[in-house]
Every structure is written in structure tokens, then in C-alpha cells.
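Data block below; observations after.
Computed over heavy atoms, backbone and side chain alike; hydrogens, waters and symmetry mates excluded. Heads up: numbering here begins at 1 and tracks the sequence.
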Amino acid sequence: MVNLQLKDAKIDQAQIQIHGLSQNIHNVSLKLKQKFDIKGSEQPISGCIVLPDDRIIIADYYGTGKLMEYNNNGQHIRDIPVSDKPHSLTLVDTDRIAVTYVASKYLEIINTKNTSERKRVNCSNLCLGISYQDQKLYVIVYQQGIVVMDLNGKTLNTIDINVYSVFHITTTSDRIYYTDQGSNTVHCCSMTGQKIWVFKDQSISNREDYQWTVIKTYLLLVEPLTT
């Protein structure tokens, strides 16, 4: 049984840059807001997103191989039908998510309100991390790099980086962030792949669940200082 903890950033006399204001990252701490158990798995979860209506979707690639839906009180609502073990997921719009299936070499865009409504997009190789931004999907594809595609699966661009040990990615309007397990690093680059900064920390080594947490937290707390 995996324990999922939801945390809020608590700001004690911080100067956080939000909408142009400055911030001091050393004054930011995390405050536990809520935690609940994910039933059926003892392994780290591989992906998690919170929908606009506060539903929580969890990908359990290393454990049960299920895509699970919870409410924000930690109550299990249902298992969403999947065609293989889901690895990573991203929010596309209010009702739709995109999910990658590593070994099957494809992703699906799924309507969470009507799960029979889904679209399959094939990838040329193993597909792992995924992020959605400005009508585009950014997908980590093994031996290719970061493949940028539209929602119909048409490849628009491929960002040539070594993704041998890259499993997680997230994006903003003008930045791409990804973790590299092989080098214990978090990377930030432009939307064309130009390196902006690299952060190294042993805490994200070996454990993929740490990487997933670090990339989300680092984006939330640190990146505003660099914009």
C-alpha cells in the first residue's frame, strides 16, 4: 500500500516571485495538507495529476499496472480501463488526459468522463514521460529524444537530447524540464532544446519516484527565481 502525500508550499517571510514579485527560496517550506493510501501497490507510483474538478488520476506502472481515480479526500472512485500498464500522464483539457504505455510504444488520449472515447497515437519506440502545452504533446521517446506532436499524432519536431535515462518531463509556455536518472540531474531548456540550466542533487538518484517529485517541486519553487 503506497502512501500519497499532498503538500502545500508554506511561505514564512518569503520573497517569492509570483507574477513579477521577488522571492527568497530559502524561506519556502512544505506543509503537509493531506495524505491517503493508494490501495493494492507497494511500489512507487509513476505518475499523478489533479484534474480541474479536484479528481486525482494515478498511474501505477510499477505496481498494479492500473490507472486509478481518487477524489481529493482520498476515496478510491474507480480504475480507468487501460490497454497496458500506464507510465506517465498529462492533462490535455478539462476532461481529457494523455497516457503513455512504455513497451507498447503508443500513447492514448482518454476522456475521463467517457472512457470509451479515446484516441491512440503510435510512437516509434518506447515512450515514457509526457507533457501537454499549447495544443502540443511533448513525449520522451527512447533513442529519439523529446518528440513534439499535435493531438492527432503528427510529429512537429524532435528535440535531439540523450533520453537514455530520462523518464519524466514537464513544460511551461517557454520552458521544458526533465530529470536524468543517470546523472542525478534536473534540466531546464528552451522549447527548441537550448540548455538554460542544470541542477544536480544526489537525492534524485536511483529512485524514479524521487525524480518525479523533484521535477514537479523544483519547477514550482525554484524556477520563478530564474525568470
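If you take CG on D174 and CD on Q133, they are separated by 9.0 Å, rounding to the nearest 0.5 Å. Separation of atoms NZ (K119) and CD (E117) is listed at 11.5 Å; rounding is to 0.5 Å. L89 CG to T112 OG1: the interatomic distance, rounded to the nearest 0.5 Å, is 11.0 Å. Between the CD1 atom in I169 and the SG atom in C189 there is a gap of 7.5 Å [rounded to 0.5 Å]. Put simply, CZ on F199 and SG on C188 are 13.0 Å apart, with the number rounded to the nearest 0.5 Å. One finds the OH atom of Y138 at 12.0 Å from the CD1 atom of I130 (value rounded to the nearest 0.5 Å).
Sorted by first and then second residue, the pairs that involve residues 107-116 and meet salt bridge (Lys or Arg N to Asp or Glu O under 4.0 Å), not counting sequence neighbours, are D95-K113, E108-R118.
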Kindly list each side-chain donor-acceptor pair under 3.5 angstrom involving residues 139-149, sequence neighbours excluded, with atom names and distances?
from, atom 1, to, atom 2, distance (Å)
Q143, OE1, N125, ND2, 3.2
Q144, OE1, S124, OG, 2.2

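Remark: R120 engages no residue in a salt bridge (Lys or Arg N to Asp or Glu O under 4.0 Å) (not counting sequence neighbours). Residues satisfying the side chain to side chain contact (heavy atoms under 4.5 Å, CB included) test with K66, not counting sequence neighbours, are T64, M68, D79. Qualifying side chain to side chain contact (heavy atoms under 4.5 Å, CB included) partners for V102, counting only residues two or more places apart in sequence or in other chains: Y61, H87, L126, L128. Taking the salt bridge (Lys or Arg N to Asp or Glu O under 4.0 Å) definition, one finds that D150 meets it with nothing, sequence neighbours left out.
Here the closest heavy-atom approach between residue K85 and residue Y101 is recorded as O-CD2, 3.6 Å. I80 and E69 make their closest contact through CD1-OE1, 4.0 Å (heavy atoms, listed as atom of the first residue, atom of the second, distance). Contact between P81 and T115 at its shortest, heavy atoms only, is CD-OG1, 4.0 Å.
Partner V198 forms a side chain to side chain contact (heavy atoms under 4.5 Å, CB included) with one of V186, D180, T185 and no other, that one being T185.
Remark: side-chain polar atoms of S165 are paired, donor with acceptor, to backbone N or O of G182 under 3.5 angstrom. Judged purely by atom type and a 3.5 angstrom limit, S46 uses its side chain to pair as donor or acceptor with the backbone of A59. The closest donor-acceptor contact from the side chain of N162 to the backbone of Y164 lies under 3.5 Å.
Residues I109 and V99 are members of separate hydrophobic clusters, defined by side-chain heavy-atom contacts under 4.5 angstrom among Ile, Leu, Val, Met, Phe, Trp and Tyr. The same ILVMFWY cluster, assembled from side-chain heavy atoms under 4.5 Å apart, contains both L67 and L51. By the rule that hydrophobic residues join a cluster once side-chain heavy atoms approach within less than 4.5 Å of another member, V82 and I49 end up as members of one cluster. A chain of hydrophobic side-chain contacts below 4.5 Å, direct or via other Ile, Leu, Val, Met, Phe, Trp or Tyr residues, connects V50 to Y70.
Counting only heavy atoms from C-beta outward, the side chains of Y106 and C127 never approach each other to under 4.5 Å. Between R96 and L151 there is a side-chain heavy-atom pair separated by less than 4.5 Å. Put simply, the side chain of S88 does not reach to within 4.5 Å of the side chain of L107, judged on heavy atoms. Proximity of I58 to I38: side-chain heavy atoms (C-beta onward) are separated by under 4.5 Å at one or more points. Looking at heavy atoms from C-beta onward, T90 lies in side-chain contact with L137 at the 4.5 angstrom threshold. With contacts defined as side-chain heavy-atom distances shorter than 4.5 Å, the pair L91/I57 does not qualify. At a threshold of 4.5 Å between non-hydrogen side-chain atoms, the residues Y132 and I97 do not count as touching. Contact of the R175 side chain with the S190 side chain is not registered, since no non-hydrogen atoms from C-beta on lie closer than 4.5 Å.
Applying the 6.0 Å contact sphere to CG of N73 captures more than 12 heavy atoms from other residues, nucleotides or ligands.
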Stepwise, does the side chain to side chain contact (heavy atoms under 4.5 Å, CB included) test hold for Q181 with F167? CA-CA 8 Å; Q181 180 176 340; F167 304 117; 3.0 Å; yes
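Using a cutoff of 4.0 Å between basic side-chain nitrogens and carboxylate oxygens, D53 and R55 are scored as salt-bridged.
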